[in-house]
Amino acid sequence: MHWADVIAEKLLEKGKEHVVSSGITPSGPIHVGSMREILTADAIARAIRDKGGEAELIYVADTADPLRKVYPFLENLGYEKWVGYPLAEIPAPNDEGTYADYFLNPFFEALNAVGVNPRVVDNYKAYKEGKYVNESKNACDNIEKIREILETVSGRQLPKNWFPWTFVNDDGKMISGKVLKYEWPIVEFEDENGDVFTNNIEKGEGKLPWRLDWPAKWNVLGVTFEAFGKDHATKGGSYDSGVKIVRDIYGGTEPEKTVYEWINLKGEGAMHSSTGLAISANEILEVIPPEVLRWLIMKPQPNRHIDFDPGIGILNLTGDYERVELDYNKNEEKTDVHRAYELSQVDTEMKESGDLLGQVKSYRNLLTLVQSKSSLDDMISSLKRIGILEESTEEIEEYLGKRVEYVKNWLARYAPDEIKFEIKKETPENEFDDEQKKVIKEIVTEFNAIEWNAEEIHNSFYRVQDKSEMEAKKIFEIVYLALLGQNYGPKMGFFLATNLEREFVVERLESY
RNA sequence: GGGCCUGUAGCUCAGCUAGGUAGAGCGUCCGGCUUUUAACCGGACGGCCCAGGGUUCGAAUCCCUGCAGGCCCGCCA
């Protein structure tokens, strides 16, 4: 059984209705690794619904968190002065809206593209609206109990004057301080300079510290399931303390959990936006279709790490997906791999085979097409000319246009050189010997005689092989050299028939 | 120091929750389709299931002890 179904069944044993929560702090560009959290949650929510349960997917944006430091991507933008302020109150790098929105909005676009539509909870607003009042009061009234929990579970010593609240000073900066006086909902405290401030907890001036904030979310939102990274799962970590706090302090229950592994950039290590070693979710969606991004995460078990290779690995990833797609449509009996394919669909309604363009839509074939033709119109008329496409509709053009964009972007940004080629406008310099020149003549003769389609072109290479006793491989090389200036290239039949006029090819060959 | 995950065919992994004669994809080799930027179809080769112990009629699967790799323990997914 697919992992999402296993978890869903376990959850359904406990009840029919579920709240599946996930969340990320929008402190920078939200990268592919972060996608794993919400896509894992989404898969489980879908699996619950598929089995007749009800599931609501919630995304908590931790906009109340302070900016921790000046990240590499913030250097020289004057963010030093904003360190310590809530992300919801800091201006965006482009000065339009808040810092949090600046990073959240593109992420929501990405979520929308991959078919994830959670209810968004803005944590900053939630505090301001008093959503956490009960939990905050319980926390402030039970300092000693909480102290004991945190000290036992995490094994660390809390400061003498520890108070379960992160304060803000009059500027709105989040600071630590020493409590002078507490009388719900007002807390009076002193910062390290001896300045005295008051916060009204009821009004969300300040927030609960993380270890209390997380279980408060569980309680307020009624979370029954959450997938989170292993940093929170360590023994004595925030999940462990959260369990005790939600039970003993807030009077609720902890959610079921799944711990997922990180996504590494192949050969470089875990993605991490603060070190710049990360590819954002949006960047990836410019290079592969959304269903393939889902596939990247749906296929492996959550507890296995994923090596993401944006280079040649993209060909394997897309090829893998396309192979399973064909297999899915062929087989009645569905395996876990097929289930992973279902969960990779952007629309929950399964479409009839995605066979809109047959083999042409394959990433690999489009690589050839894109590198040979300058415009979408050219591509479409080529496809029509050789009969792969009977008639172009608006739907097809839009579909093909999107796929072409992915491939173009990949070629420009990540593709290794071996994959790239260019049809040379000027005849490339080649020193062909007599034998090769003889073969060229025979190729020209063949090309002039045949019907200009993929199959015939291929056949002609083998006829020349028989006549000339030169290996077909060598003959292919000659033609690649003449057209591309390199001794390798895309599948010849499809390539020539689709992309080049017979006259052009013949003329080029005759010029040697 | 504490913890989590992983260790099964050359590679990537499934199988382990509820023990019952070892699986897939890719690669390799052979054959076919008149063959290619790492295409398609059929077949074959290929594994002391990390090691050692235990439970059991029976263990890749459960328990214990090691070893190796990755990672986490700072409100970093």
Side-chain angles (χ1 to χ4, degrees), chain A residues 1-3 6-7 9-10 22-25 27-28 30-41 62 64-66 68-69 71 123 154-156 166 174 207-214 227-240 259-264 269-275 278 281 299-307 312-313 315-316 319-320 322-324 326-327 335-337 340 359 362 364-365 367-368 371 415-421 455-456 458-463 465-466 471-473 476-477 480 484 486-495:
Chain A
M1 209 183 346
H2 189 269
W3 53 263
V6 173
I7 297 165
E9 283 194 0
K10 192 170 159 199
S22 71
I24 302 160
T25 304
S27 55
I30 296 174
H31 55 78
V32 184
S34 318
M35 245 6 213
R36 192 169 200 179
E37 165 144 342
I38 185 122
L39 281 177
T40 303
D62 281 326
D65 287 9
R68 311 225 169 270
K69 62 174 182 182
Y71 298 104
N123 213 36
S154 75
R156 73 175 176 186
T166 302
M174 308 183 91
K207 72 185 282 280
L208 290 164
W210 168 247
R211 281 189 185 246
L212 295 161
D213 178 67
W214 196 20
F228 49 89
K230 59 179 172 185
D231 50 334
H232 295 320
T234 197
K235 187 168 186 192
S238 48
Y239 182 80
D240 283 356
V259 178
Y260 60 86
E261 260 286 356
W262 317 90
I263 297 181
N264 294 338
M271 285 203 205
H272 205 320
S273 41
S274 69
T275 58
K299 175 74 201 325
Q301 308 278 348
N303 64 8
R304 305 198 74 111
H305 85 258
I306 295 174
D307 266 326
I312 199 80
L315 287 190
N316 292 333
D320 219 28
E322 287 161 9
R323 227 186 328 273
V324 173
L326 283 174
D327 196 56
T335 64
D336 284 0
V337 173
Q359 58 167 352
S362 100
R364 170 165 287 289
N365 283 342
L367 272 174
T368 305
Q371 293 187 86
D417 289 340
E418 311 95 76
I419 298 296
K420 298 180 190 171
F421 69 87
E455 201 188 346
E456 279 298 308
H458 264 296
N459 289 347
S460 64
F461 275 84
Y462 288 93
R463 281 197 294 271
Q465 171 179 248
D466 294 343
E471 268 183 82
K473 189 172 161 31
F476 280 111
E477 282 182 9
Y480 287 132
L484 312 175
Q486 59 191 34
N487 63 2
Y488 57 90
K491 287 190 194 178
M492 193 66 87
F494 180 83
F495 172 52

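Quick caveat: nothing in here was measured; it's all calculated off a predicted structure.
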Asks: In whole angstrom, give me the gap between the C1' atoms of A22(B) and A38(B).
Replies: 29 Å

Asks: I want to verify a distance call: between G2(B), U36(B), A77(B), whose nearest atom is closest to the Thr234(A) side chain?
Replies: G2(B)

Asks: When both hydrogen-bonding distances must be under 3.5 Å and the geometry is Watson-Crick or G-U wobble, what is C40(B) paired with, if anything?
Replies: G32(B)

Asks: Rounded to the nearest Å, what distance is computed from the CD1 atom of residue Ile263(A) to the C1' atom of nucleotide C5(B)?
Replies: 16 Å

Asks: OP1 or OP2 of C4(B) versus the side-chain N and O atoms of Asn303(A): is any pair under 4.0 Å?
Replies: no

Asks: What is the pairing partner of C13(B), taking Watson-Crick or G-U wobble pairs with both distances under 3.5 Å in any strand?
Replies: G23(B)

Asks: Which part of the nucleic acid does Ser22(A) contact within heavy-atom distance under 4.0 Å: base, sugar-phosphate only, or nothing?
Replies: nothing

Asks: Mind checking the P distance from U65(B) to G27(B)? Whole angstroms is fine.
Replies: 42 Å

Asks: Base, sugar-phosphate, or nothing: which does Ile419(A) touch, judged by heavy atoms less than 4.0 Å apart?
Replies: base

Asks: Taking any strand in view, what nucleotide pairs with C48(B) in a Watson-Crick or G-U wobble way, both distances under 3.5 Å?
Replies: none

Asks: How far does the P atom of G20(B) sit from the matching atom of G58(B), given to the nearest Å?
Replies: 15 Å

Asks: What's Phe421(A) touching, base or sugar-phosphate or nothing? Going by heavy atoms closer than 4.0 Å.
Replies: base

Asks: Tell me the interatomic distance from Tyr260(A), atom OH, to C71(B), atom C1', rounded to whole angstroms.
Replies: 14 Å

Asks: What is the separation between atom OH on Tyr239(A) and atom C1' on A77(B), rounded to the nearest whole Å?
Replies: 17 Å

Asks: Roughly how many Å is it from CG in Asp62(A) to C1' in C75(B), rounded to a whole number?
Replies: 8 Å

Asks: If you measure from the C1' atom in G53(B) to the same atom in A18(B), how many Å do you get, rounded?
Replies: 25 Å

Asks: Considering only the C1' atoms, how many Å lie between C11(B) and G46(B), rounded to the nearest integer?
Replies: 13 Å

Asks: Nearest whole angstrom, please: distance from the C1' of C33(B) to the CZ of Phe461(A).
Replies: 18 Å

Asks: Does the pair Leu315(A) and Leu367(A) meet the rule for a side-chain contact (heavy atoms from CB on, under 4.5 Å), with working shown?
Replies: CA-CA 10 Å; Leu315(A) 287 190; Leu367(A) 272 174; 3.6 Å; yes

Asks: Check whether any side-chain heavy atom of Ile24(A) lies under 4.5 Å from a side-chain heavy atom of Ile30(A), and answer yes or no.
Replies: yes

Asks: Report the distance from atom CG of Asn316(A) to atom C1' of U37(B), rounded to the nearest whole Å.
Replies: 13 Å

Asks: Taking the side chain of Leu367(A) as heavy atoms from C-beta outward, which of C75(B), A77(B), U37(B) is closest to it?
Replies: U37(B)

Asks: Verify the contact: side-chain N or O of Gln301(A) to OP1 or OP2 of G15(B), cut-off strictly under 4.0 Å; return yes or no.
Replies: yes

Asks: Any carboxylate oxygen within less than 4.0 angstrom of a Lys/Arg side-chain nitrogen, looking at Asp320(A) and Lys299(A)?
Replies: no

Asks: When you get a sec, tell me which of U17(B), A77(B), C75(B) is the closest nucleotide to the side chain of Glu37(A)?
Replies: A77(B)

Asks: Would you mind classifying the nucleic acid contact of Asp231(A) as base, sugar-phosphate or nothing, using non-hydrogen atoms under 4.0 angstrom?
Replies: sugar-phosphate

Asks: Considering only heavy atoms and no angle criterion, is a donor-acceptor pair shorter than 3.5 Å present between the side chain of Arg211(A) and the base of C75(B)?
Replies: no

Asks: What's Ile38(A) touching, base or sugar-phosphate or nothing? Going by heavy atoms closer than 4.0 Å.
Replies: nothing

Asks: Would you mind reporting whether Val259(A) and Pro302(A) have side-chain heavy atoms less than 4.5 Å apart?
Replies: no

Asks: Taking the side chain of Thr166(A) as heavy atoms from C-beta outward, which of A77(B), C75(B), G3(B) is closest to it?
Replies: C75(B)

Asks: The side chain of Arg156(A) is closest to which nucleotide in this list: A77(B), C72(B), C75(B)?
Replies: C75(B)

Asks: Determine the Euclidean distance between corresponding P atoms of C50(B) and G15(B); express it in Å to zero decimal places.
Replies: 15 Å

Asks: Kindly indicate whether the side chain of Ile263(A), heavy atoms from C-beta on, has any atom under 4.5 Å from the side chain of Met35(A).
Replies: no

Asks: Return the value, rounded to whole Å, for the distance between atom CD of Glu261(A) and atom P of G3(B).
Replies: 18 Å

Asks: Would you kindly compare Asp320(A) and Thr368(A) by the position of their nearest RNA chain B nucleotide and give the one closer to the 5′ end?
Replies: Asp320(A)

Asks: Considering only the C1' atoms, how many Å lie between C67(B) and U21(B), rounded to the nearest integer?
Replies: 30 Å

Asks: Can you tell me the Watson-Crick or wobble partner of C4(B), both distances under 3.5 angstrom?
Replies: G70(B)

Asks: Please measure how far the C1' atom in C45(B) lies from the corresponding atom in G10(B), and state the result in whole Å.
Replies: 12 Å

Asks: Where each residue is assigned the nucleotide of RNA chain B containing its nearest heavy atom, which of Gln371(A) and Val259(A) is assigned the position nearer the 5′ end?
Replies: Val259(A)

Asks: Are a donor atom and an acceptor atom from the side chains of Gln486(A) and Tyr480(A) found within less than 3.5 Å of each other?
Replies: no

Asks: Given A77(B), U36(B), G70(B), which nucleotide is nearest the side-chain atoms of Trp262(A)?
Replies: A77(B)

Asks: May I ask you to test the Glu261(A)-Arg36(A) pair for a side-chain heavy-atom distance under 4.5 Å?
Replies: yes

Asks: Figure out the CG/P separation between Leu484(A) and U37(B), and round it to whole Å.
Replies: 12 Å

Asks: Any base atoms under 4.0 Å from Gly237(A), or only sugar-phosphate, or nothing? Heavy atoms, all strands.
Replies: nothing

Asks: Would you say NZ of Lys420(A) has more than 12 non-hydrogen atoms from neighbouring residues, nucleotides or ligands within 6.0 angstrom?
Replies: yes

